[in-house]
Amino acid sequence: MWGDPMTLRKRLQLYFIIIAVVPTVLFSIHFYLSSRTSMLTELCESNYKVACHLMDSIDAQFSQASGLTDWICFDRAVGELLRRNQKSSALYDYNKQQVLEHLDNQFSYLPVTEYIPALFIQGKNGLDLRRGIDAQLISPKSFQDTWWFQEAVKSEDKAVWGTIYRQEGILSEPGYVLPLVRGIQDSNSRQILGYMVVLYSRKLFANQMKSFEFSEDERVYCIDARGNILYSNLEEEVGRLPDKLFGDIRQARQDGLRYKQVEKDGIPYMAVFTFSELNSWGVVEMIPLTFVQQQRTMLLKTVVIAAFLIVVVGILVSVYLTANFTKPLETISAYAREVSKGRFDTALDLKGNDEIARLGQNITKMVEKINQLMEDSIHREREKHNLKIEMLQQQINPHFLYNTLNSIQWMAALQGAEGIRHAVGSLGQLLQYGLRDSMAQVELRQELKALEEYIYIQNIRYKGKIIYESQVQDSQILDCRIPKLILQPLVENAIFHGIEPRVGMGRIVVSAECSRNVLYLHVCDNGIGMSADEMDRLLTDKDRKAEHDRLNGIGVANIHERLHILYGPEYGISFESRQGEYTRATLRLPAEWSGQKEEAVREW
């Protein structure tokens, strides 16, 4: 198969075409069918939200209108005027003036009053109070025989809204008004003293609809509980909704629906509706289904064009990929054969930035990484060898010094100089510990024991100025194995650069803890602290010379590099210090035990 690239190319082209065409066609069909159904639902839900907002705006106006009627019906001054006899009701006195001023105040600050061209308070005692720019042009007798006024008479003190009708005599807005009638009841006898009639302009609804945008084909109606049209975006349309249309909407509402497909004048619509809980008024949006069909047709065209473009592009891409696929594969295969023979210096020449080219680049990087790892391994072994030689050279190597100190210790014991004997003994133990293999690993308890001897000797020098304390999280940590002589340089640094310049007693705390198989050793002192530059120099300057005599030539930087070489770059020494308060050095190295002891603490 690999020897016939044309056959491979044709097969790949076929595979790519199938992969491009079949999923595209299936997805396009699924997308169109699902979108065709969801489009109508989303359109209806969106228009339902608009209808609800419009209904909320109308309800707000309705609440203000109700508040106005409540104020008039329960106003004491109005009640007093209505309880007068027929003769005194015609007098213009202070009480009537006060009522009229109150009405004027209501017209001044209530927003809903801008839609009231006329307001009447008609008493059975002959009282006739009017407000509004057109109130004096309208005769109350013109509406006293209407059904809504008669229904208000029967309903006593309940507010009754009428239907839109054309009222003659209105100059501010010739046309239609919406009446509101309510009986005014005596607060004591509960008898009807008169009636209040408020005529609202259709602007009450028109101004609310201006806040919303509707298409030219949409029909938007504000209707009452009887199906009477209170307002429409086609202002010339008055009367009531067709009985069948209103019946369908009412039945759908009882069924808990928000929208329903209906017909009006033989044209199919999707009716979206919502009704108020305050007054049973409703907002009905009539969306012509021809608009929905246009949207579906546009969606179908978009899906077909997109699918066609995807198929064409897929075919072109498949031809291009298959034409350029076999040559780089052969190049990579030849390169792999050369590498398998051990010829790592062979060059892989691939152009482009596609997946095959990146595969070749990754293979080249892998070969370079192998060479780099080999070089790093050789360098690391060489560094370990040099470090061992350097540490052997830096050790205190004259063995006769230990023998001499041992003799001095016996002489001090014979002469009763216990202090000298103890000091020489500690120095001898410290020298004996340091003369052993400096590259060996020791248990933490041995390192801490040697550290105690060192602190004892330094306390002789500094006259007991140093307080030393060791804290170990768990006794098992004492069995942990660590490189030899890694704590003493840090303690030495704490004494020379922290405790010695400090006035008063100095304190050094060496602590050990283990977490997730990592051992942390901390050396903390309450000395004068160090600056950030001083801490950086401690870790980087391997040739730094101490200002005082050291026990050995192993510095902090050497310990830091030694841990890097032994365990890797994630291990080593870090410093934390605040000048004038403290310095804290932390050694991070892997926790190592041997045999059964390691299994016992593995869970750490």
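Residues: numbered from 1 along the sequence shown.
- In this structure, a donor-acceptor pair under 3.5 Å is absent between the side chains of Gln458 and Tyr462.
- Checking Glu576, Arg584, Gln471 one by one against His522, the side-chain hydrogen bond (donor to acceptor under 3.5 Å, both in side chains) holds for a single residue, Arg584.
- Each of Ile58, Val283, Leu54 was evaluated against Met209; a single residue qualifies, Leu54, per the side chain to side chain contact (heavy atoms under 4.5 Å, CB included) test.
- Expressed to the nearest 0.5 Å, how far CG of Leu478 lies from CG of Leu444 amounts to 5.5 Å.
- Under a 4.0 Å N-O distance rule, the pair Asp479/Arg445 qualifies as a salt bridge.
- Rounded to the nearest 0.5 Å, atoms CE (Met270) and CD (Glu218) are 12.5 Å apart.
- Remark: side-chain polar atoms of Lys465 are not paired, donor with acceptor, to backbone N or O of Asn459 under 3.5 angstrom.
- A distance of 3.5 Å separates CG in Asn47 from CD1 in Ile287, rounded to the nearest 0.5 Å.
- Judged by distance alone, the side chain of His560 and the main-chain N or O of Gly572 form no donor-acceptor pair under 3.5 Å.
- Contact annotation: the side chain of Leu490 never approaches that of Ile559 to less than 4.5 Å [non-hydrogen atoms, C-beta and beyond].
- Atom OH of residue Tyr456 and atom OH of residue Tyr468 lie 16.0 Å apart, to the nearest 0.5 angstrom.
- The salt bridge (charged side-chain N to carboxylate O under 4.0 Å, His left out) pairs that include a residue from residues 43-60 are Glu45-Arg258, where partners are two or more places apart or lie in different chains.
- In this structure a side-chain-to-backbone donor-acceptor pair under 3.5 Å is present from Arg481 to Gln441.
- Considering all non-hydrogen atoms of both residues, Pro483 and Arg562 come closest at CB-NH2, 3.8 Å.
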Please test Thr586 against Phe575 for side-chain contact (heavy atoms from CB on, under 4.5 Å), starting from the C-alpha separation and ending with a verdict.
-> CA-CA 6 Å; Thr586 300; Phe575 282 96; over 6 Å; no
